[in-house]
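As structure tokens, the structure follows; a few thoughts come after it.
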Amino acid sequence: IDPTEIVGKWAPTYMFQRKNPDGSWGAWGTINTLIALPVVEFTSDGRFLSDGKPGANCCYEGNKYNYSGSKLVFTELLNCPNVDCNPCGFIWNDIKITGDTLVYEACYVRGKLVKMK
């Protein structure tokens, strides 16, 4: 995708897909959570925001991002000394945008976001 396509606000769809042991993808499912997932934003100057605030949180996204090819790498990560983080949370792979839907892979799970108008 063109790097400018990722710029904007994206709302969660609460849809996810898990990778099977053979590398194929399972069926799309729905995340059942009592806590609302945040709207995220990718700015044209490389900032990543979550609900309008810097997006870094333990083990996942950072305050800045760099998009290249179909991979998004987060930087300016939050230091969480009491947490043993899996580094796959800092990278979103295989990003695809179709219409107003963004699909990404992180930690053997795919997620969907929808672009806000």
Seminar exercise, completed: Nearest heavy-atom contact between Trp25 and Gln17 is CZ3-O, 3.4 Å
Exercise. At their closest point, which heavy atom of Leu102 faces which heavy atom of Trp10, and how far apart are they?
Worked result: CB-CZ3, 3.5 Å
Exercise. In this structure, are over 12 heavy atoms from other groups packed under 6.0 Å from Lys115 atom NZ?
Worked result: yes
Exercise. Would you call Leu37 and Tyr14 a side-chain contact if the rule is heavy atoms closer than 4.5 Å?
Worked result: yes
For this session: To the nearest 0.5 Å, tell me how far Asp100 CG sits from Glu5 CD.
Result: 12.0 Å
Problem set entry | Residue of the set Arg18, Lys96, Lys71, Lys19 for which salt bridge (charged side-chain N to carboxylate O under 4.0 Å, His left out) holds with Glu105 | Lys19
For this session: Any chance you could lay out the side chain to side chain contact (heavy atoms under 4.5 Å, CB included) test for Leu49 and Thr43, step after step, and finish with the verdict?
Result: CA-CA 8 Å; Leu49 305 173; Thr43 67; 4.1 Å; yes
Exercise. Tell me, do Phe48 and Val40 make a side-chain contact under 4.5 Å, heavy atoms counted?
Worked result: yes
Exercise. Is the shortest distance from a Lys or Arg side-chain nitrogen in Asp51 or Lys53 to a carboxylate oxygen in the other one below 4.0 Å?
Worked result: no
Problem set entry | Value rounded to 0.5 Å, distance of CZ in Phe42 from CG in Leu113 | 7.0 Å
Problem set entry | Heavy-atom pair of closest approach, residues Asn20 and Gly26 | ND2-N, 3.5 Å
Exercise. So, does Glu61 use its side chain to make a donor-acceptor pair with the main chain of Ala56 at under 3.5 Å?
Worked result: no
For this session: Might you work through the side chain to side chain contact (heavy atoms under 4.5 Å, CB included) test for Phe90 and Val73, ending with a clear yes or no?
Result: CA-CA 6 Å; Phe90 308 133; Val73 178; 5.8 Å; no
Exercise. Do the numbers put Lys112 on top of the ring of Trp28, so that NZ or CZ is under 6.0 Å from the six-membered ring centre and no more than 45° off the axis?
Worked result: yes
Exercise. At their closest point, which heavy atom of Leu72 faces which heavy atom of Ile95, and how far apart are they?
Worked result: CB-CD1, 3.5 Å
For this session: Please round to the nearest 0.5 Å and tell me the distance separating atom CD1 of Ile97 and atom OG of Ser70.
Result: 11.5 Å
Seminar exercise, completed: Ile6 and Tyr67 have their tightest heavy-atom pair at CD1-CD1, 4.4 Å
For this session: Measure centre to centre between the rings of Trp92 and Tyr65, then say whether the value is under 6.0 Å.
Result: no
Problem set entry | Rounded distance (nearest 0.5 Å) linking atom CG of Asn63 with atom CG of Leu78 | 8.0 Å
